[in-house]
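Since the structure comes first, as structure tokens, the remarks are kept for the end.
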Amino acid sequence: MYLSRFTVIALLGLAGIFSAPFVCGAQDSPDHPDHKDMELVAHNDLDGHGDGGEGMAIQQWPDGRRVLYIAHEGETTCLSIVDVTHPEKPQIVNQLPSPQPGITRCNSLGLSKNVLAVANQTMKVGENSAGMWVLDVSDFARIQKARSLQDLSFSFFDTSGPASPGVHWLWFVDGEFAYLASGTRDSRPTNPKDNQFYLVVDLRDPRHPREVARWWLPGTQEGDACLPGCLPERHKIDDGYRAHSIGVFPERPDRAYMGYIDGGEIILDISGLNDVRAGRASTFTPKLVSRLKFSPPYPAWTHTVQPLFQRGLAFVSDESVKDGCADAPKLVWLVDLRAESNPVIIGTAPFAANAIELCKKGGRYGSHNLQPNFPSSTSANLKNSAVASFFNGGVRIFRLVDTPGVLNAPPHIEEIAYFVPPAPPNNATHAIEINHAIVDENGLIYAIDRHTGGLYILKYTGREPLD
């Protein structure tokens, strides 16, 4: 009964996408943002290198200076370093080029104190080199003077190979271990699209990174004992069974929460890492706790999993990867994780009231990234809200609304604010394409465009708390 009712609600919601009237926000025009309860604090086009990826982190210096590191989407610029001490006037400190312009991109990064890990991915498999750069960001003058990643490098962990494009995404927050979505030199996928999996690297000595674990969806690597019966079903839009976002949080250090693109939401037991940490083992084997599939019937591309530990819930986002809503609907899901071996979908975030217009606007419309709850003094830790990037739908804020007086009733999701910047100059899509957003401990939102727009610093002004 519950599942059928959820299906009806989902179908009604999808029907609403294509029947809702276009509702303009304040100051909506080609030159002004469409917004509700959010305002622009500052904008910086990153000196014409405005192609933000999906990695940002803020570093707090003892003298009060605050530095924002931005990973880039394209193969020209790798890293932008921006002084955001005065957020109303962000200043570029430095920009570092791709290690191999035209060949590799630096889509993601992770920061722990004065160590910065940066992803490096080739555009095609078999090209050298790709992997993870480990950088020393302890000296501000050195950061200012650097002309390449090599100038700041502790080490480079190479994961390129005949079937590997290197590292697309990484999580590094504790100063000890990095969690990568990557292939390896010896990886042999059963399908060439399934070329990145879960990889754990020991960075306790940043000069000598060392692999300590790997895990992939069974059936996606040659030699899997379950073959041929476990070969995964290919989707109509086949984007590969690949690891994407990985989160390991201090609330559950024995678990990894992962978006696995065509494979859905994955929870892994990584308790064996304790033996590596204590020196009792050199490697360990992650174990599958659960897998939640969204496709079929919905389009695949599970992107980000953000647990809300105090609630026993998680926000999970898909990624829209085709222009004009050709792969719609790409959703933000609400998942009940209280029984972690049996995660259950209990809701979805609403689409914009003008979704039909956004589908025609140019570029992608649909969900992408979610604000990561970094365990950092410079990051918000949201328990009841989600800040999501929606490409030409801008930055959207969703809030959980409880049903009072009903024991264990699942909350529903309401949109409480949004900010859609005007199309940046020279964006080929003729629309904004917000790629990623993070929230600092003061509630400021840092968002980046995918193509040319650069950095947007936003402030939520609504009545409901952003918590």
Side-chain angles (χ1 to χ4, degrees), residues 5-26 28 33-38 237 259 265 294-306 313-335 345-371 385-401 410-421 423 429 431-437 445 447 450 458 460 462 464:
R5 188 169 68 186
F6 171 77
T7 303
V8 170
I9 292 170
L11 291 172
L12 287 173
L14 294 177
I17 297 172
F18 302 103
S19 61
F22 176 39
V23 180
C24 294
D28 182 48
D34 177 16
H35 64 102
K36 172 188 174 184
D37 289 339
M38 293 177 72
I237 302 175
E265 176 205 276
F294 303 95
S295 177
Y298 288 92
W301 233 111
T302 309
H303 190 280
T304 304
V305 180
Q306 177 53 64
L313 304 172
F315 284 112
V316 181
S317 68
D318 302 326
E319 180 182 355
S320 172
V321 296
K322 292 187 177 295
D323 291 353
C325 295
D327 58 344
K330 291 301 178 74
L331 302 165
V332 173
W333 306 88
L334 183 62
V335 177
I345 299 167
I346 58 174
T348 60
F351 281 99
N354 62 332
I356 193 168
E357 299 295 333
L358 293 169
C359 285
K360 300 174 182 177
K361 187 176 182 180
R364 307 179 188 182
Y365 169 69
S367 62
H368 186 205
N369 255 313
L370 299 172
Q371 134 75 10
S385 307
V387 176
S389 54
F390 259 71
F391 293 116
N392 72 16
V395 179
R396 325 289 298 197
I397 302 181
F398 304 106
R399 183 169 176 80
L400 298 179
V401 180
H412 67 276
I413 308 174
E414 290 185 358
E415 183 176 82
I416 60 172
Y418 54 85
F419 191 96
V420 185
T429 60
I432 191 70
E433 292 273 84
I434 293 295
N435 212 34
H436 187 36
I445 299 166
R450 187 179 180 90
L458 308 170
Y460 169 64
E464 297 290 336

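No hydrogens, no waters, no symmetry mates; every other heavy atom, side chains included, goes into these values. Here, residue 1 is the first one in the sequence, and each next residue gets the next number.
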Could you report the tightest heavy-atom contact between [X] and [Y], atom names first, then the distance?
{"X": "Ala388", "Y": "Leu370", "value": "CB-CD2, 3.8 Å"}
{"X": "Pro33", "Y": "Pro421", "value": "CB-CA, 4.2 Å"}
{"X": "Ala352", "Y": "Tyr365", "value": "N-OH, 3.0 Å"}

Applying side chain to side chain donor-acceptor pair (under 3.5 Å), can you list everything that pairs with [X], at least two apart in sequence or on another chain?
{"X": "Thr304", "value": "Asn369"}
{"X": "Asp318", "value": "Trp333"}
{"X": "Arg450", "value": "Glu73, Asn435"}

Nearest 0.5 Å, what's the [atom1]-[atom2] distance between [X] and [Y]?
{"X": "Ile434", "Y": "Phe419", "atom1": "CD1", "atom2": "CZ", "result": "9.0 Å"}
{"X": "Cys325", "Y": "Asn392", "atom1": "SG", "atom2": "CG", "result": "7.5 Å"}
{"X": "Thr348", "Y": "Tyr298", "atom1": "OG1", "atom2": "OH", "result": "7.0 Å"}

Apply salt bridge (Lys or Arg N to Asp or Glu O under 4.0 Å) to Glu414 and list each qualifying residue two or more places apart in sequence or on a separate chain.
none
Identify, with sequence neighbours excluded, every residue that meets salt bridge (Lys or Arg N to Asp or Glu O under 4.0 Å) alongside Glu265.
none
Is there side-chain contact between [X] and [Y], with at least one heavy-atom pair below 4.5 Å?
{"X": "Leu400", "Y": "Ile413", "value": "yes"}
{"X": "Val420", "Y": "Phe390", "value": "no"}
{"X": "Pro350", "Y": "Phe398", "value": "yes"}
{"X": "Pro411", "Y": "Leu334", "value": "yes"}

Taking ring pair (Phe, Tyr, Trp, His ring centres under 6.0 Å) as the definition, give me every residue that meets it alongside Phe391, ordered by chain and number, with sequence neighbours left out.
His368
List for me each residue that meets ring pair (Phe, Tyr, Trp, His ring centres under 6.0 Å) alongside His436, sequence neighbours excluded, and say none if there are none.
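If we apply the ring pair (Phe, Tyr, Trp, His ring centres under 6.0 Å) test to His436, skipping adjacent residues, there are no hits.
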Where at least one partner belongs to residues 390-399, residue pairs that pass salt bridge (Lys or Arg N to Asp or Glu O under 4.0 Å), sequence neighbours excluded
Arg396-Glu415, Arg399-Glu464, Arg399-Asp467
Residues in side-chain contact (heavy atoms from CB on, under 4.5 Å) with [X], at least two apart?
{"X": "Thr429", "result": "Asn427, Ala431, Glu433, His451"}
{"X": "Lys322", "result": "Ile237, Ala326, Asp327"}
{"X": "Pro299", "result": "Pro329, Lys330"}
{"X": "Ala417", "result": "Asp37, Met38, Ile397, Tyr460"}

Output yes when a side-chain donor or acceptor of Ser367 lies under 3.5 Å from a complementary backbone atom of Leu331, and no otherwise.
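Pair found, side chain donor or acceptor close to backbone of Leu331.
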